[in-house]
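In what follows, residues are counted from 1 in the order of the sequence shown.
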Amino acid sequence: MKVAIRRVSLVSLGKFGCLLGVVAAFLPSLLCGLAGLGLAKLVHRWLEGWQEVTIALLGQEVARFDLVHLVGLDRLLATLQVLTTASLPVLLLAVLAMALVSGVVLAVMIALVGLVYNLLAAGTGGLVVEMDGVSKQEDAA
């Protein structure tokens, strides 16, 4: 038996694409979030080490500098302080937001592909699929 697929539902494709995008993007989003948080903590600790630099000569402290303030990285250090103190629920919320955005983007892309297919199928007759019936014994195996 041959069946021609003349039109696909764009709403169905969009829903499936969104779900597929969220599932596919969750793990990379989680890994990027954790890596970004780790990098922010590393840079924060590094910049905190620059806050008090002392110059000693023969065991006597000659000068003390705050290189972060001197170089003008105060705002960066404050931003990193906020990022590194973010809690786990905030990180998970950001990961879910990135996964949902990826899902919506994939849903739009798949829906556009479906729209193009529908336009092409209207002129060409669509995709022809050859199908055979399956007996209940083969289906159970």
Side-chain angles (χ1 to χ4, degrees), residues 1-57 59-141:
M1 169 177 34
K2 289 185 179 180
V3 177
I5 302 172
R6 300 199 191 280
R7 189 177 102 54
V8 292
S9 169
L10 298 181
V11 173
S12 176
L13 283 175
K15 287 179 186 178
F16 184 74
C18 187
L19 181 62
L20 183 64
V22 168
V23 169
F26 182 75
L27 184 60
S29 297
L30 181 63
L31 292 176
C32 285
L34 290 173
L37 187 60
L39 183 63
K41 285 182 179 182
L42 180 71
V43 172
H44 180 259
R45 274 189 265 132
W46 183 57
L47 283 178
E48 276 185 336
W50 283 16
Q51 280 185 317
E52 286 197 25
V53 176
T54 58
I55 297 176
L57 186 61
Q60 296 291 328
E61 184 178 308
V62 178
R64 181 178 293 233
F65 294 101
D66 182 1
L67 287 178
V68 172
H69 182 70
L70 190 65
V71 178
L73 298 175
D74 294 326
R75 293 184 64 191
L76 176 63
L77 187 61
T79 303
L80 289 172
Q81 175 76 31
V82 171
L83 284 175
T84 56
T85 58
S87 63
L88 185 61
V90 172
L91 175 66
L92 289 177
L93 187 63
V95 166
L96 284 175
M98 286 189 286
L100 285 173
V101 167
S102 298
V104 169
V105 168
L106 190 61
V108 169
M109 289 171 35
I110 288 177
L112 286 174
V113 169
L115 178 65
V116 170
Y117 175 81
N118 287 344
L119 292 173
L120 290 174
T124 63
L127 182 66
V128 177
V129 179
E130 189 171 324
M131 299 175 8
D132 283 331
V134 177
S135 68
K136 293 192 184 227
Q137 291 175 350
E138 292 175 5
D139 192 32

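- Sorted by first and then second residue, the ring pair (Phe, Tyr, Trp, His ring centres under 6.0 Å) pairs involving residues 22-47 (not counting sequence neighbours) are Trp46-Trp50.
- For Lys41, the side chain to side chain contact (heavy atoms under 4.5 Å, CB included) test picks out Leu37, Arg45, Thr84, with sequence neighbours left out.
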Under 3.5 Å, side-chain donor or acceptor atoms of residues 90-118 against the rest of the protein: list the pairs with distances, not counting sequence neighbours.
residue : atom : partner : partner atom : Å
Ser102  : OG   : Met98   : O            : 3.0
Tyr117  : OH   : Ile5    : O            : 2.4
Tyr117  : OH   : Leu127  : N            : 2.9
Asn118  : OD1  : Val8    : N            : 2.8
Asn118  : ND2  : Val8    : O            : 3.0

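- Taking SG from Cys32 and CG from Leu27, the interatomic distance works out to 9.5 Å, rounded to the nearest 0.5 Å.
- Between the side chain of Arg6 and the backbone N or O of Ala122 there is no donor-acceptor pair closer than 3.5 Å.
- Rounding to the nearest 0.5 Å places CE of Met1 at 10.0 Å from CD of Glu130.
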